[in-house]
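Taking it in order: structure first as structure tokens, then the write-up.
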Protein chains: 2
Amino acid sequence: MTNPFIRKLENFCALNDEERYLIEVLCRHVRRVEARTDIVQQGDEPRCVNLVLAGWACRYKQFADGRRQIISLFVPGDLCDPHIFVMRSMDHSLATITPISIVRLSEEAIDTITRSPRLQAALWWDSLVTSAIHREGIVSLGQRSAAERLAHFFCELSLRLQAVGLGTEAGYELPLTQQDIAEMLGITNVHVNRTLRDMRDSGLVTLRGRQLTIHDFTALKRLAIFDPSYLHQGRESVQLDSNVLMRAN
Amino acid sequence: MTNPFIRKLENFCALNDEERYLIEVLCRHVRRVEARTDIVQQGDEPRCVNLVLAGWACRYKQFADGRRQIISLFVPGDLCDPHIFVMRSMDHSLATITPISIVRLSEEAIDTITRSPRLQAALWWDSLVTSAIHREGIVSLGQRSAAERLAHFFCELSLRLQAVGLGTEAGYELPLTQQDIAEMLGITNVHVNRTLRDMRDSGLVTLRGRQLTIHDFTALKRLAIFDPSYLHQGRESVQLDSNVLMRAN
DNA sequence: CGCTGGATTGAATCCTTTCAAGTATAGTGG
DNA sequence: CCACTATACTTGAAAGGATTCAATCCAGCG
């Protein structure tokens, strides 16, 4: 099974054997962490960069009163903040969702990678895509209704998982509870449940037993106002559909 | 008047004369753009990195049906995406809010800057802070009520403007319309107006004629659940108040 | 086979939006 | 200097989407 990080980066540009080998060597010491465990906590000094090889994790922030926001999801191939070392402390926490396999990359390991200009560019691309995902998250939370958010979330995840061979347009494994989804989308778990029922009833998607089945991807994209260009996948991502974002004025 | 970008970076680390001079030279060709004008549009190929010297601008995305989300604000000293050049196209637009002075930095200019290890680290710091601001924006949109969002927004802006000498804890110039604020915070302009009235009535802040007056910064922070550590200002930003974020479980 | 966490549903409540109308403010031209 | 216009701000009333609280159902698991 190929390394999902290599696989993802190759959506940006082809790597040579040497570059692939370099990453594979760095990925030899896999660390396993059980589900629902903090990997890094807010306030910690950044010691390493985590790369997910298998399993799901998330970034989150939580208030003293219990409210919690999941800021981003990590699926296989995802890397967090390669330049985090310039910071004194973490302003958020990282936690596993499922049992997970991760690699802890040291600052030296990152330096080694970025010595290759192509890998350096690939890492920039990756973190720019991560930023773009965050921006789109802001758009979702700020402008999309609950149903639109859910639809958008499913669309995005479909493409991200396809990029590492873990899903198709017809569906994928989604190991989140409805509470997790609620904390991602800024709505309550009850409302997630009701919205999911509506989407099932209208023949869009079905979520059962950690398996998401997409019955009508086109309709899902339409509901979500989903424009995949922000994911910058493939080398020619500038195709704006008409149902989609357009400029002001 | 000192360059706000230099001033901001020096919140991260002191620069030497050579480094300051390098930036000042790159800032010689100032471009002026009038208010309410797109600087870069979604779909454009990235040609340069914009650095704001004076005036306010924003990043936004807009739907075909008119809904618009302002994703981030640029105040003097703010730089957008120094590594944007690896991307094929912009997934969002940039627009001015006020008349503005900006500098367009080419890829070579960025390369020149990052040849200095300290400036390279400072640029990383700056973009990590930008990411952190986006993450906190996600938390606001996902978990905070309208009043909490507004309060948080005012607190964050106070610190960011203080970092470049454009505000104090007592207030600052805020050249946004209530509609702009609404599009930042994911609520309607009508609700912004009502919430602003409530905050004025309860003696927290007053916003009149583009001037924000903060009457009770402590109470504002409390309402906002504001923990400034995500801004990573100063060299010792690890001070978590008790009213503030804490870990799960 | 009972336990436990997650999923589901109903009913009431509430925060926010929508629609509409009215007021204030700033800039423009006669 | 004052109509005139445009834009922003303000407020009310009604409607709606999402939350809250609580109870029930379900499935996997020891």
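Order of the sequence lines sets the chain letters (A, B, ...), proteins ahead of strands, with each chain counted from 1. Quick note: numbers below take in every heavy atom, side chains included, and nothing from hydrogens, waters or symmetry partners.
Axis angle across the helix from C:dC1-D:dG30 to C:dG30-D:dC1, with five pairs used at each end and values rounded to 10°: 30°.
A:Arg210 comes within 4.0 angstrom of the backbone, heavy atoms only, and of no base. Residue B:Arg194 is classed as a base contact, given a heavy-atom separation below 4.0 Å to a base. Using a 4.0 Å heavy-atom distance criterion, A:Arg208 is classed as making no nucleic acid contact.
Distance B:Gln211 CD to C:dT25 C1': 17 Å, rounded to the nearest Å. In this structure, the CD atom of A:Glu148 is 12 Å from the P atom of D:dG17, given to the nearest Å. Rounding to whole angstrom units, CD of residue B:Gln178 and P of C:dA24 are separated by 15 Å. Protein atom CG of A:Leu196 is 13 Å distant from nucleotide atom C1' of C:dG6, rounded to whole Å. Across the protein-nucleic acid pair, B:Asn189 atom CG and D:dT10 atom C1' stand 11 Å apart, rounded to whole Å. Going from atom CD1 of A:Ile181 over to atom C1' of C:dT8 covers 14 Å, rounded to whole Å. The CG atom of B:Leu150 sits 11 Å away from the P atom of C:dT16 (whole-angstrom rounding). We find that CG of B:Leu174 is positioned 10 Å from P of D:dC9, with the value rounded to whole Å.
Comparing C:dT16, D:dT19, D:dC9 by their closest approach to the side chain of A:Ile187 singles out D:dT19. Taking the side chain of B:Val190 as heavy atoms from C-beta on, and the options C:dT18, D:dT20, C:dT8, the nearest nucleotide is C:dT18. The B:Ser145 side chain lies nearest to C:dT16 when the options are C:dT16, C:dA7, D:dA18. With distances taken from any side-chain atom of A:His191 to the nucleotides D:dT19, C:dT16, D:dT10, the minimum falls on D:dT19. Nearest nucleotide to the side chain of A:Thr188, out of D:dT11, D:dC9, D:dT20: D:dT20.
Proximity of A:Arg68 to A:Asp180: side-chain heavy atoms (C-beta onward) are separated by under 4.5 Å at one or more points. Inter-residue side-chain proximity for B:Leu157 and B:Leu73 is flagged as met; some heavy-atom pair is nearer than 4.5 Å.
Comparing B:Leu176 and A:Gly186 against DNA chain D, the residue whose closest nucleotide sits nearer the 5' end is B:Leu176.
Listed pair B:Gln179 / D:dA8 fails the phosphate criterion, with no side-chain N or O lying under 4.0 Å from OP1 or OP2. Side-chain N/O atoms of A:Asn193 include one lying less than 4.0 angstrom from OP1 or OP2 on C:dT8. Side-chain N/O atoms of B:Arg197 include one lying less than 4.0 angstrom from OP1 or OP2 on D:dT11.
Ion pairing between a basic and an acidic side chain is recognised when a charged N comes within 4.0 Å of a carboxylate O; B:Asp81 and B:Arg59 show such pairing. In summary, B:Arg144 and B:Glu136 engage in a salt bridge, as defined by a charged side-chain N under 4.0 Å from a carboxylate O. Ion pairing between B:Asp78 and B:Lys8 holds under the 4.0 Å rule for side-chain N and carboxylate O.
Ring geometry, B:His152 versus B:Tyr230: the interplanar angle falls under 30°, so the pair is classed parallel (tilted spans 30 to 60°).
When atom types are taken as modelled, the side chain of B:Thr96 and the backbone of B:Pro99 share no donor-acceptor pair closer than 3.5 angstrom. Side-chain N or O atoms of A:Arg67 include none that pairs as donor or acceptor with a backbone N or O of A:Gln62 at under 3.5 Å.
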